[in-house]
There are 2 protein chains.
Amino acid sequence: MTAGVPQEQGTESAAGPGRPRRSDATRAAILRAAQARFAADGYDRATIRAIAADARIDPSMVMRYYGSKEGLFAAAAEFDLCLPDLSGVPAERLGEALVGHFLSRWEGDDTLPALLRTASTNPGAAERVREIFTGQLAGAVARLVDDPTQALRRAGLVASQLLGVALTRYVLRLPPVVDMSPADLHAWLAPTVQRYLRAQDATSPGRS
Amino acid sequence: MTAGVPQEQGTESAAGPGRPRRSDATRAAILRAAQARFAADGYDRATIRAIAADARIDPSMVMRYYGSKEGLFAAAAEFDLCLPDLSGVPAERLGEALVGHFLSRWEGDDTLPALLRTASTNPGAAERVREIFTGQLAGAVARLVDDPTQALRRAGLVASQLLGVALTRYVLRLPPVVDMSPADLHAWLAPTVQRYLRAQDATSPGRS
DNA sequence: ACGGTATGCCAACACCTGTTGACTCCCCGA
DNA sequence: TCGGGGAGTCAACAGGTGTTGGCATACCGT
């Protein structure tokens with residue numbers, strides 16, 4: 001009777017640490033390979049076989065530990081904007097603070113490219129991006145903005161500029177955007193974000 | 001002898017009008033279906049079979065008329081920014097003019113979403129986007145900007161904002177960005193683009 | 001009226017995908 | 001020491017992909 005409970009280890013990937021399992025190294029290797037492949041190729045082109053080969057492991061292990069390709073992606077695309085507490089920042093420097101945070105958060109972590117590449121074609125991932133936006137960015141912006149009815153719109157504008165940079169710099173790799181230093185990027189983007197956050201309204205959105 | 005020259009009609013899709021062929025309607029139907037599918041699903045998920053079904057035609061016809069899936073995409077993603085002549089526009093209204101043009105160009109034509117969705121995963125399409133950027137946008141911006149060494153950078157910044165809007169509005173469909181009217185969008189974006197085009201440099205990029 | 005040719009469909013190919021189940025081996029606890 | 005379950009491999013499945021060649025048909029110039 002080899003049937004019945006298979007091996008009772010399958011799906012509890014993110015359910016508290018428990019005690020360390022012997023396979024944790026393998027799990028981590030799979031996750032690392034998956035993040036790299038998803039970031040480089042997007043969801044469809046990143047095959048489980050390729051990820052398994054990168055992790056020097058059999059494709060079936062991926063299924064055993066993460067259940068399915070979607071499950072693997074969900075685990076690999078766990079993404080936290082890690083927004084800092086901005087309550088101590090003076091109102092006229094919010095743009096600077098936000099832009100600086102995002103640039104340092106994204107340089108050297110390619111989860112965001114993975115998410116963007118995948119969200120472009122995978123409705124589930126797009127929904128995930130919308131959740132991140134609503135739950136993390138829009139929430140933080142609401143705390144910074146006076147008129148709550150305008151908060152969502154302001155957050156959307158900020159997202160359009162910041163995600164636009166992520167798209168052109170990390171995904172499309174437009175040469176001028178790739179070549180700019182983080183400092184230059186910061187100097188150009190901060191006033192834009194500052195205006196989206198604080199300008200009184202669209203009919204007088206600051207002078208050029 | 002059915003061999004030899006097959007039917008001598010294959011690959012000359014974009015080689016001058018010639019005289020109209022009887023199959024032009026079919027070709028157009030395929031192209032229309034392809035644009036819709038590529039826009040909605042991206043390159044990988046848009047299957048030739050699905051496109052053919054939409055066009056009420058056999059998949060093999062697609063191959064006959066467009067050679068391969070890549071050839072079909074190349075024909076479907078022919079994209080012209082249709083940049084107008086901006087030489088008559090006063091320098092302080094260039095942002096307005098550019099933003100207004102892009103908004104009216106994109107609303108109601110979903111070639112750009114198709115291109116973005118595909119360029120996220122397909123290196124060839126990403127290269128195409130870079131070409132469009134360099135050949136169309138950067139060229140136009142260079143004509144508007146005084147210091148030619150800064151022109152590319154300015155064009156890159158403009159692209160980051162405009163493509164960011166396209167991404168969040170048409171691809172990711174972030175609700176606040178989707179809900180904004182073109183007029184509101186225009187009022188918010190024009191000053192940003194204006195600053196990217198004309199502000200003296202990054203160390204004094206305009207006040208908030 | 002006829003013959004060639006452009007047009008279209010059908011069936012199949014070779015390949016690759018995610019996913020599954022059975023099998024071996026080794027480590028760890030009792 | 002020994003047994004059980006975790007870790008890992010292998011081979012296969014079923015379905016979908018781009019792509020190809022052969023065959024019927026309707027059109028058009030002569």
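Every value quoted in this text rests on a predicted model; they were computed, and no experiment measured them.
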Practice problem: Examine dG8(D): is either OP1 or OP2 under 4.0 Å from a nitrogen or oxygen in the side chain of Tyr65(A)? Give yes or no. | Solution: yes

Practice problem: Examine distances only and state if a side-chain atom of Thr118(A) and a backbone atom of Leu115(A) form a donor-acceptor pair shorter than 3.5 Å. | Solution: no

Practice problem: Select one nucleotide: of dC10(D), dG8(C), dG18(C), the one nearest the side-chain heavy atoms of Thr47(A). | Solution: dG18(C)

Exercise. Take the protein atom CD1 of Ile30(A) and the nucleotide atom P of dG18(C), then report the distance between them rounded to whole Å.
Key: 14 Å

Self-check item: Atom pair CG (Leu174(B)) and CG (Asp179(B)), whose distance is rounded to the nearest 0.5 Å
Solution: 10.5 Å

Practice problem: Can you tell me the distance, in whole Å, between the CD1 atom of Ile48(B) and the P atom of dC16(C)? | Solution: 17 Å

Exercise. Please state how far atom CG in Asp58(A) lies from atom P in dA22(C), giving the value in whole angstrom units.
Key: 16 Å

Practice problem: Would you please say whether a donor-acceptor pair under 3.5 Å links the side chains of Arg143(B) and Ser87(B)? | Solution: no

Quiz prompt | Distance below 4.0 Å between Thr26(B) side-chain N/O and dG8(C) OP1 or OP2 | solution = yes

Practice problem: Check the distance between dG16(D)'s P and Asp41(B)'s CG and give it to me in whole angstrom. | Solution: 16 Å

Self-check item: Ring-face cation of Arg117(A) near Phe73(A) (centre distance under 6.0 Å, axis angle within 45°)
Solution: no

Practice problem: Starting from P on dC23(D), measure out to CZ on Arg64(B) and report it in whole angstrom. | Solution: 14 Å

Practice problem: Measure distances between side-chain N and O atoms of Ser60(B) and base N and O atoms of dC10(C), and say whether any donor-acceptor pair falls under 3.5 Å. | Solution: yes

Practice problem: Write down the distance between CE (Met63(A)) and C1' (dA7(D)), rounded to a whole number of angstrom. | Solution: 17 Å

Quiz item: Roughly how many Å is it from CE in Met61(A) to P in dG18(C), rounded to a whole number?
Solution: 17 Å

Quiz item: Between atom NZ in Lys69(A) and atom P in dT19(C), what is the gap in whole Å?
Solution: 8 Å

Self-check item: Residue whose nearest DNA chain D nucleotide is more 5′ - Arg49(A) or Arg56(A)
Solution: Arg56(A)

